[in-house]
Amino acid sequence: MSAAKKSVLVIFTGGTISMVCDQQTGALRPAGIENFKEFMPELFHSEINVEFLPFTPLIDSSDVNPPMWAKLAHLIDSNYNDYDGFVITHGTDTMAYTASALSFMLENLTKPVVFTGSQLPVGILRSDAKENLLTAIEIAAEQDEEGNAVVPEVCIFFDSRLYRGNRCTKKNAEWFAAFKSYNYEPLAMAGVHIKYNVHLIHYPELNKPMRLRTKIDTGVAILKIFPGITEEIVRAILNIPNLHAVVLETYGTGNAPSNKWLYDALRQATQSGIIIVNKTQCVSGSVEMGRYETSLNLMNAGVLSGYDITTEALLTKLMYLLGENNDVDKVKELLQISLCGEMTIE
C-alpha cells in the first residue's frame, strides 16, 4: 500500500515572490493566486498536495507588524491538524523578524513552518522563486520513518539553505543568497538531494500539544551605541513613555563608552523597571559581559547579556515575553534561557 499523500498549506502574504510583470506597462504588480499558479504548474504534479491561502490584500513586508504576526500564528493554529507542514511566502525585508516572532508564538511546534520568498518576481525568467518555493514545500512535507516531521521548526529557506528562523538576518539586497545565520549552521542544504543536519534541529516534546501564544508588548526600543553618542540622545530614548525594554546594541563583545553619565542613565532606567539587554553590533560572535571593564560597567548598571542572539530575535523575544508575563523578574529570567534555539549559552 502506498503512503498517504502529504499536504502542505502555503500562506501567501506578498513580497517580491508574488509579483509579476505587466505585459503592457512592464511594471511589477501583485499577482493573484491563479495568475501565480500559471507560472508554477509543478506545484500540482507532485506527490505533495499543495493548497494556497492568500492574505487579502497582499502585504509589502515593510508594512508587516505584530498584528500580522498574530494573524499568521492563528492561521497556522486553526489549520494545524489538516496539514503536514506550512510554507509562508513573505517579503525579504522583514522576514527574519516574522520568523523570529512565530518561533516564540508557536510553542512546542511539531510541524515545519518554512518561510521563503525571492529576490526576483516569479514571472521573471531568471527568478529564484521557483526553486525556493518548491524546495520549501518539499521540506515542509518531509517526515521520518515514524511519521514525524524532520524539521519541526520555524525556518527560512533561501538559495539552497535552510536556516533556523530566529537565527537569521537579511544580509544582501542584491544576491540570491539574501539570508545568513552567522552563529548557527544551516539545518539543511539542498542540492541534488536535501541533506539534513539532524543534530542541529530543535525537536519538541511530542507528548505535549503545540500552544499558541500571541500576546505582544510593543514597548520596546533599540538603542545603538556609536562614537559621539550624547547623553541627550540616550536619555531621550530611555525616557520614552510606556517603554518597557531596550535592545542595547554595543561594540564587539558587548562594550560601550565608560562615560559616567551613560552608566547613570542605564542604571536609573533598570532601577525604574526597564529591561535592557546587551546585543553586539557584530553579525557574528557573542556578548561576553565582564570580559572588558567597559562591559563590566554595563553589568553593574543592571544590563543583561543577549549572548549571540540576533537583533530580530531579541526584539521579538522581548515583545513576546513582556506580552505574556507581568512579572519583570520572570521576564529577566526567561531572557537568560534559550526557549527555542534562538541563542547559545555557554
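These numbers come from the heavy atoms of this one structure, side chains and all, not from hydrogens, waters or symmetry mates.
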Side-chain heavy-atom pair [X], [Y] within 4.5 angstrom cut-off:
X: Thr311; Y: Ile222; value: yes
X: Cys155; Y: Phe115; value: no
X: Ile11; Y: Phe55; value: yes
X: Ile137; Y: Thr135; value: no
X: Leu53; Y: Asn79; value: yes
X: Leu304; Y: Lys332; value: yes
X: Tyr80; Y: Phe86; value: yes
X: Leu335; Y: Leu318; value: yes

Rounded to the nearest 0.5 Å, how far apart are [atom1] of [X] and [atom2] of [Y]?
X: Lys317; Y: Ser103; atom1: NZ; atom2: OG; value: 9.5 Å
X: Met68; Y: Thr98; atom1: CE; atom2: OG1; value: 6.0 Å
X: Asn297; Y: Leu266; atom1: CG; atom2: CG; value: 10.0 Å

Could you tell me whether [X] and [Y] have a side-chain N and a carboxylate O separated by less than 4.0 Å?
X: Lys279; Y: Glu249; result: no
X: Glu342; Y: Arg167; result: no
X: Glu153; Y: Arg164; result: yes
X: Lys215; Y: Glu324; result: no

Do you know the tightest heavy-atom contact between [X] and [Y]?
X: Thr344; Y: Asp308; answer: N-OD1, 2.7 Å
X: Val151; Y: Ile201; answer: CG2-CD1, 3.9 Å
X: Lys171; Y: Ala177; answer: CE-O, 3.1 Å
X: Thr218; Y: Ile216; answer: CG2-CG2, 3.9 Å
X: Met189; Y: Asn197; answer: CE-ND2, 4.0 Å
X: Ala149; Y: Tyr203; answer: O-CE2, 4.1 Å

Do any N or O atoms from the side chain of [X] and from the backbone of [Y] form a donor-acceptor pair under 3.5 angstrom?
X: Asn278; Y: Gly254; value: yes
X: Asn108; Y: Pro204; value: no
X: Asn172; Y: Trp175; value: yes
X: Asn239; Y: Arg235; value: yes
X: Thr280; Y: Gly252; value: yes
X: Ser181; Y: Tyr184; value: yes
X: Gln281; Y: Ile225; value: yes

Tell me whether [X] at atom [atom1] has more than 12 heavy atoms from other residues, nucleotides or ligands lying less than 6.0 Å away.
X: Asp82; atom1: CG; result: yes
X: Glu185; atom1: CD; result: no
X: Asn242; atom1: CG; result: no

Test side chain to side chain donor-acceptor pair (under 3.5 Å) on Tyr263 and Ser258 and set out the steps. CA-CA 7 Å; Tyr263 167 83; Ser258 56; over 6 Å; no
Look at the aromatic rings of Tyr320 and Phe104 and report parallel, tilted or perpendicular, splitting at 30° and 60°.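 Because their plane-to-plane angle is under 30°, the rings of Tyr320 and Phe104 count as parallel.
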Identify the residue among Lys111, Lys5, Gln143, Lys6 that makes a side chain to side chain donor-acceptor pair (under 3.5 Å) with Asp84.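 The passing option is Gln143.
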